[in-house]
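As structure tokens, the structure follows; a few thoughts come after it.
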There are 2 protein chains.
Amino acid sequence: MTLGQKIRELRENAGLKQRELAYQLGIGEGFLSKVENDQKPLKRDDLSKLSKLFKTPIDELDSLWLANKVYSIVRDEESALTALKVAEEQLKYKNFKNA
Amino acid sequence: MTLGQKIRELRENAGLKQRELAYQLGIGEGFLSKVENDQKPLKRDDLSKLSKLFKTPIDELDSLWLANKVYSIVRDEESALTALKVAEEQLKYKNFKNA
DNA sequence: TGTACTTGTCCTAATTTGGTCAAAAATAAT
DNA sequence: ATTATTTTTGACCAAATTAGGACAAGTACA
């Protein structure tokens with residue numbers, strides 16, 4: 001599940017057209033289309049708008065947003081998976097240190 | 001193990017001073033210091049120089065380089081770990097599709 | 001045909017990259 | 001205890017990249 005997929009799901013379940021949601025967010029429908037197709041990143045502040053609009057927890061949106069960012073940098077990389085593993089270890093080590 | 005740590009290890013095992021290695025790479029010693037402390041990213045092209053210089057496989061350097069980049073964006077994030085997991089899933093899904 | 005969505009081109013503004021240089025701090029040598 | 005060497009840090013900078021869109025034209029489809 002990507003952020004774009006999630007947004008589309010929320011929007012469709014709410015019975016909204018792209019143009020309508022785009023208006024709520026203050027962006028154009030073309031841009032929203034790209035966001036839903038994960039071709040453009042959504043401004044992070046807009047996540048809270050989505051959260052309120054669709055009454056969905058912001059945490060999930062936020063981690064999807066971050067995941068998209070991560071994915072976009074490893075997407076075409078040979079060593080993508082190993083890099084993720086290494087990053088994860090570094091993260092755990094840091095959390096361990098500051099525990 | 002981060003890229004900076006790896007570079008320092010390689011350099012010290014080769015008995016080089018920062019200034020010497022920095023010269024080989026065509027950068028200043030101050031910058032190299034920051035690289036070894038993971039405060040600045042190293043230019044990706046320089047990895048091959050390191051690989052040749054220290055006769056160490058480029059793959060490892062490369063994945064450490066990428067891991068650093070990933071880590072730098074999730075480092076201070078609340079949802080860091082979940083985001084990594086999600087990104088990993090997206091990656092596996094993509095590899096599955098194009099298999 | 002009309003409505004909804006997608007895609008390509010283009011743009012500005014913000015951020016990141018990839019450094020330099022000098023000063024400060026730490027370490028080693030005398 | 002000084003001095004010399006090595007490393008770290010802070011401030012700054014230009015260049016490259018990404019963010020965050022707009023807009024028009026193209027597609028899909030009922």
Side-chain angles (χ1 to χ4, degrees), chain A residues 2-51 53 61-62 64-77 80 83 87, chain B residues 2-51 53 61-62 64-77 80 83 87:
Chain A
T2 88
L3 180 63
Q5 289 168 358
K6 182 68 184 177
I7 292 176
R8 170 160 290 162
E9 180 183 296
L10 289 169
R11 175 178 64 80
E12 288 181 340
N13 284 150
L16 293 179
K17 307 295 179 190
Q18 278 187 350
R19 186 165 6 87
E20 302 174 298
L21 176 54
Y23 177 75
Q24 296 290 323
L25 297 177
I27 60 180
E29 61 179 328
F31 187 65
L32 178 56
S33 170
K34 287 173 186 170
V35 167
E36 289 190 355
N37 289 294
D38 297 303
Q39 289 163 20
K40 285 282 188 176
L42 183 66
K43 212 196 323 179
R44 202 168 193 177
D45 298 1
D46 289 344
L47 293 182
S48 60
K49 296 186 193 171
L50 291 175
S51 169
L53 244 168
L61 297 178
D62 201 60
L64 286 178
W65 184 91
L66 194 57
N68 257 277
K69 199 165 174 175
V70 168
Y71 181 69
S72 76
I73 91 174
V74 300
R75 188 172 39 208
D76 302 315
E77 297 288 345
Chain B
T2 89
L3 181 62
Q5 288 167 359
K6 183 67 184 178
I7 292 176
R8 169 159 291 161
E9 179 182 296
L10 289 168
R11 176 178 63 80
E12 289 180 340
N13 284 151
L16 291 180
K17 306 295 179 190
Q18 279 187 352
R19 185 163 8 87
E20 302 175 298
L21 175 54
Y23 177 76
Q24 296 290 323
L25 297 176
I27 61 180
E29 60 180 328
F31 187 64
L32 178 57
S33 170
K34 288 173 188 169
V35 167
E36 289 190 355
N37 289 294
D38 297 303
Q39 289 164 18
K40 286 282 188 176
L42 183 67
K43 210 192 331 173
R44 203 168 193 176
D45 299 0
D46 289 344
L47 293 183
S48 61
K49 295 185 192 171
L50 290 175
S51 169
L53 244 169
L61 297 178
D62 201 60
L64 285 178
W65 184 92
L66 194 58
N68 256 242
K69 197 165 175 176
V70 168
Y71 180 69
S72 75
I73 89 172
V74 301
R75 187 173 41 208
D76 303 314
E77 297 289 345

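Here is how names work: the chains are called A, B, and so on, in the same order as the sequence lines, proteins then strands, and each is numbered from 1.
Side-chain N/O atoms of B:N37 include none lying less than 4.0 angstrom from OP1 or OP2 on D:dT7. Considering only side-chain N and O atoms, B:Q18 lies under 4.0 angstrom from the phosphate OP1 or OP2 of D:dT8.
One interatomic measurement links the two molecules: CD1 of A:I73 to P of C:dT15, which rounds to 18 Å at whole-angstrom precision. One interatomic measurement links the two molecules: CG of B:D38 to P of D:dT7, which rounds to 16 Å at whole-angstrom precision. Rounded to an integer number of Å, the gap from B:W65 CH2 to C:dT16 P is 14 Å. As a whole-Å value, the separation of A:L32 CG from C:dC5 P is 9 Å.
For A:R19, the side-chain atoms get nearest to C:dA4 when compared with the rest of C:dC5, D:dG20, C:dA4. Nearest to the side chain of A:S33, among D:dT7, C:dT6, C:dA4, sits C:dT6. Nearest nucleotide to the B:Q39 side chain, out of D:dT7, D:dT9, C:dT6: D:dT9. Distance from the side chain of A:R8 is smallest for C:dT6 among the nucleotides C:dT6, D:dT8, D:dT6. Residue B:K17 places its side chain closer to D:dT6 than to any other of D:dT6, D:dA19, C:dT6.
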*Can you check side-chain contact (heavy atoms from CB on, under 4.5 Å) on A:L16 and A:L10, steps first, answer last?*
CA-CA 9 Å; A:L16 293 179; A:L10 289 169; over 6 Å; no
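In this structure, A:N68 contributes its side chain and A:L64 its backbone to a donor-acceptor pair below 3.5 Å. Here the side chain of A:Q5 pairs a donor or acceptor atom with the backbone of A:T2 at under 3.5 angstrom. No donor-acceptor pair closer than 3.5 Å links the side chain of A:W65 to the backbone N or O of A:L3. For A:N37 (side chain) and A:S33 (main-chain N/O), a donor-acceptor pair under 3.5 Å exists by modelled atom type. For the pair A:E20 (side chain) and A:K17 (backbone), a donor-acceptor distance under 3.5 Å is present.
The side-chain heavy atoms of B:K49 and B:Q24, taken from C-beta on, include no pair separated by under 4.5 Å.
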Between protein and nucleotides 19-22 of chain C, what N or O pairs are separated by less than 3.5 Å?
residue	atom	partner	partner atom	Å
C:dG19	O6	B:K40	NZ	3.4
C:dT20	OP2	B:G28	N	2.8
C:dT20	O4	B:K34	NZ	3.2

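Using a 4.0 Å heavy-atom cutoff across all strands shown, A:R44 reaches no nucleic acid atom at all.
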